[in-house]
Enquirer: 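Encoded as structure tokens, here's the structure I'll be asking about.
Along the sequence shown, residues are numbered consecutively beginning with 1.
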Amino acid sequence: MNRKDREVTDFCEILSIINSCSTIRLGIDNGEYPYIVPLSFGFEAEDNKIIFYAHCAKKGLKLDLIKKNPRVCVETDTMNGYVNTAQGVTTDYRSFIGFGIAETADYDDTVKGLNLLMKHCEITDCSAEECAKLGITAVIKITVDQYTAKRFKG
């Protein structure tokens, strides 16, 4: 990391950064060019690993690419405006970048992931169990074990 003075290492603060974001961007290998897609998400922390859950259709490019190469990158951020500094103008931001493995969740993790997603997105009028039973939604489970986080507040 170039700006060590902006690095966030406190795990609780990293989780706070993630929790303050509404969208993750999932980067997947697509051969010649990376494939990046924005997703709503839920997450949990376990043994200093961060596990993201995102929903999608049962078929599609994301799942095809993940089957070919499950190694992915996840990014999320918040931008709170611009700040004047002695050198000019910079951004007041908080960001997280993580690397890990993506997989299609089994039934139990689908229910768990949908519950976490609905909690994070503040959806209160749906049942994760009922959604999972419909069998029309897949859940991608992304286990992140390498990550960095940064922040700058002027």
Enquirer: Work out which heavy atom in A102 is nearest to a heavy atom in I142; give both atom names and the distance.
Expert: CB-CG1, 4.0 Å
Enquirer: Please, which pairs that meet side chain to side chain donor-acceptor pair (under 3.5 Å) have at least one residue in residues 33-45, sequence neighbours excluded?
Expert: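 Matches after skipping sequence neighbours: E44-Y53, E44-K112.
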Enquirer: Do L117 and I18 belong to the same hydrophobic cluster, where Ile, Leu, Val, Met, Phe, Trp and Tyr are linked whenever their side-chain heavy atoms lie under 4.5 Å apart, directly or via other members?
Expert: no
Enquirer: Does the pair E75/R25 count as a salt bridge with the N-to-O cut at 4.0 Å?
Expert: yes
Enquirer: Shortest non-hydrogen contact from S95 to D77?
Expert: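 Nearest heavy atoms, S95 then D77: CB-CB, 3.9 Å.
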Enquirer: Side chain of S16, backbone of C12: donor and acceptor closer than 3.5 Å?
Expert: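 Flag not set: sc S16 to bb C12 has no pair under 3.5 Å.
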Enquirer: Please enumerate all residues that pass side chain to side chain donor-acceptor pair (under 3.5 Å) together with K62, with sequence neighbours excluded.
Expert: none
Enquirer: What is the minimum heavy-atom distance between D109 and V139, and which atoms define it?
Expert: O-CG1, 4.4 Å
Enquirer: In chain order, what residues pass the ring pair (Phe, Tyr, Trp, His ring centres under 6.0 Å) check against H120, with sequence neighbours excluded?
Expert: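 Here the qualifying residues are F41, F43.
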Enquirer: Between L63 and A57, which heavy-atom pair has the shortest distance, and what is it?
Expert: CD1-O, 3.4 Å
Enquirer: For F99, give me all partners under side chain to side chain contact (heavy atoms under 4.5 Å, CB included), at least two apart in sequence or on another chain.
Expert: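 By the side chain to side chain contact (heavy atoms under 4.5 Å, CB included) rule, F99 matches C73, I97, Q146.
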Enquirer: Suppose we screen for side chain to side chain contact (heavy atoms under 4.5 Å, CB included). Which residues come up paired with S20, at least two apart in sequence or across chains?
Expert: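 Expected list: T78, R94.
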Enquirer: Heavy atoms only: give me the nearest I36-G27 pair and the separation to one decimal.
Expert: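 Heavy atoms of I36 and G27 come nearest at CG1-CA, 4.1 Å.
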Enquirer: Under the side chain to side chain contact (heavy atoms under 4.5 Å, CB included) test, which residues partner Y82, sequence neighbours left out?
Expert: M79, V89, T91
